[in-house]
Number of protein chains: 2
Amino acid sequence: MSRLTSYRDIKKMVLDRIQSGAWPPGALIPRETELATEFGCARATINRALRELAQAGILERRRKAGTRVSMTPVRKATLDIPLIRQEVEESGATHRHRLLICKMSVPPAHIAARMGLPLERTALHVQTLHMADSAPYCLEDRWINPRVAPEALSADFATLSANEWLVQNIPISAGEIAFLAENASAADAEILNAAPGAALFVVERLTRIAQEAVTHVRIAYRPGYRMTTGI
Amino acid sequence: MSRLTSYRDIKKMVLDRIQSGAWPPGALIPRETELATEFGCARATINRALRELAQAGILERRRKAGTRVSMTPVRKATLDIPLIRQEVEESGATHRHRLLICKMSVPPAHIAARMGLPLERTALHVQTLHMADSAPYCLEDRWINPRVAPEALSADFATLSANEWLVQNIPISAGEIAFLAENASAADAEILNAAPGAALFVVERLTRIAQEAVTHVRIAYRPGYRMTTGI
DNA sequence: CAAGATAATATGTGCAGACATAATAACCAT
DNA sequence: ATGGTTATTATGTCTGCACATATTATCTTG
């Protein structure tokens with residue numbers, strides 16, 4: 001007989017009470033010690049279950065005030081940002097990429113500003129077209145701060161994609177990510193084999209290491225792309 | 001003197017070793033018992049720290065095999081899906097909404113299919129324009145399964161938005177969410193005061209309660225909208 | 001009655017120990 | 001060598017306990 005009261009079971013049972021309406025949004029639920037008695041387990045087990053539900057945005061907890069069901073339950077979605085290679089290969093297609101640009105040049109002002117680079121300062125510009133089988137999949141347009149990643153200048157992005165190279169050569173860091181929609185420019189359209197003006201799903205990512213921008217990347221997906229996740 | 005070895009401190013120190021390059025991507029890190037000895041704390045504390053880092057996608061753990069630094073570190077982004085009212089008000093603007101449509105009708109085939117409704121079966125159609133101050137902010141197009149939420153038929157969506165009503169009246173549930181880009185249709189453009197064909201950022205959400213679809217909502221944001229988060 | 005001090009309390013976190021489980025490594029028989 | 005069995009081991013999780021911390025509730029005092 002397996003253990004009856006894992007924290008997973010507690011999570012399920014609590015979720016069930018919420019979904020059944022027994023504990024409606026806003027309701028205060030019993031305290032940890034009471035639940036521990038009721039379910040016949042340690043308080044630590046209850047704590048872990050409730051903590052994870054709180055992390056998921058389903059519960060809200062405050063010391064002394066207790067735990068209540070969130071009024072705005074569907075609040076957090078966790079997106080996986082896969083390597084493009086993986087994403088393509090998981091769809092069953094073959095991933096290839098073509099290096100379109102790889103040279104030092106002066107980034108557009110808005111990108112320089114976002115990266116905190118002085119105007120007119122050159123950076124490494126790498127543009128890569130990713131393909132699923134023989135169809136364009138997405139266009140990766142990347143600027144790399146040469147001060148932070150000087151080794152990148154001599155890397156061979158034709159064999160290993162810039163993204164994969166960075167992941168393997170630059171330590172983990174913080175940053176911001178944005179999702180937006182843009183009309184395809186003439187150049188985008190040509191490269192992605194799309195109609196000019198087509199709505200493209202765009203992901204922009206700025207990566208920093210200790211305050212300093214390492215790389216700014218804009219990935220524009222082919223028309224029709226959907227980024228999905230469960231909630 | 002405060003406690004020196006909280007699980008937060010462990011997380012920081014581990015992260016630091018990763019970011020400093022001491023533990024590069026792919027590296028196997030010491031086992032929990034060793035780290036516990038080194039940091040002078042209980043294994044449970046190490047476990048919690050490493051577990052949370054693994055949840056964040058920074059570490060990968062497998063029984064017996066040990067813990068290693070992820071090869072693909074920036075993998076998960078947690079998006080907050082705020083209530084539109086909150087989102088607008090946090091930007092400093094005043095939120096208003098206008099009920100454009102609220103009646104039973106037959107949903108388009110692709111939506112009926114996604115909701116698992118029989119063809120030609122009517123559902124409650126609610127279309128709401130959300131505004132920040134006096135500018136259009138986003139267009140919410142929602143279909144509600146009357147079998148699951150019959151009370152919705154008599155709700156007054158003019159005062160409380162459909163989203164807020166549902167959150168407060170339907171128990172928490174599972175579902176899927178998708179992010180995509182679409183060219184504005186003539187109708188979209190007119191309502192959102194955008195150019196026809198403008199690229200719109202669209203969020204589609206399907207909410208289920210025990211397998212059965214409750215509601216399908218498509219939210220099309222005004223041109224220029226960016227959904228952002230840290231990573 | 002109001003403002004500030006004090007007590008009460010629910011969650012937050014740490015520890016030591018135990019057993020469970022998955023996956024590798026070692027071993028053995030063929 | 002090879003395939004299957006067994007031992008080993010790192011993480012996964014639970015328990016029971018203790019103390020920390022943030023709030024709320026209460027009590028005191030002017």
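By convention in this document, chain letters (A, B, ...) are assigned in the order of the sequence lines, proteins followed by strands, and residues within each chain are numbered from 1.
- Across dA22(D), dC14(D), dG12(D), the shortest atom-to-atom separation from the side chain of R61(B) is found for dG12(D).
- Checked against dT11(D), dT13(D), dT13(C), the side chain of R31(B) finds its nearest nucleotide in dT11(D).
- The pair E212(B)-R147(B) meets the salt-bridge criterion, with a side-chain N (NZ, NE, NH1 or NH2) lying under 4.0 Å from an Asp/Glu carboxylate O.
- Across all strands, R68(B) comes closer than 4.0 Å to no nucleic acid atom at all (heavy-atom distances).
- DNA chain D is contacted by E32(B), R43(B), N47(B) of residues 32-52 of chain B, taking any non-hydrogen atom closer than 4.0 Å.
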Exercise for review: Please report the C-alpha distance between R43(B) and E32(B) in whole Å, then the side-chain angles of each, then the deciding distance to 0.1 Å, and finally whether the salt bridge (Lys or Arg N to Asp or Glu O under 4.0 Å) criterion is met.
Suggested key: CA-CA 6 Å; R43(B) 185 171 78 93; E32(B) 294 187 348; 2.5 Å; yes
May I have the list of side-chain donor-acceptor pairs in residues 222-231 of chain A shorter than 3.5 Å, sequence neighbours left out?
from	atom 1	to	atom 2	distance (Å)
Y225(A)	OH	E87(A)	OE2	2.4
R226(A)	NH2	E204(B)	OE1	3.0
T229(A)	OG1	T78(A)	O	3.0

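- Position along DNA chain C of the nearest nucleotide to R8(B) versus R63(B) favours R8(B) as the more 5'-ward residue.
- Put simply, the side chain of N163(B) does not reach to within 4.5 Å of the side chain of V217(B), judged on heavy atoms.
- A donor atom on one side chain and an acceptor atom on the other are found under 3.5 Å apart for H125(B) and D141(B).
- Comparing dT9(C), dA23(C), dT13(D) by their closest approach to the side chain of K64(A) singles out dT9(C).
- Scanning for salt bridge (charged side-chain N to carboxylate O under 4.0 Å, His left out) contacts around R85(A) gives E89(A), E164(A), with sequence neighbours left out.
- With rounding to whole Å, D9(A) atom CG is found 14 Å from dA20(C) atom C1'.
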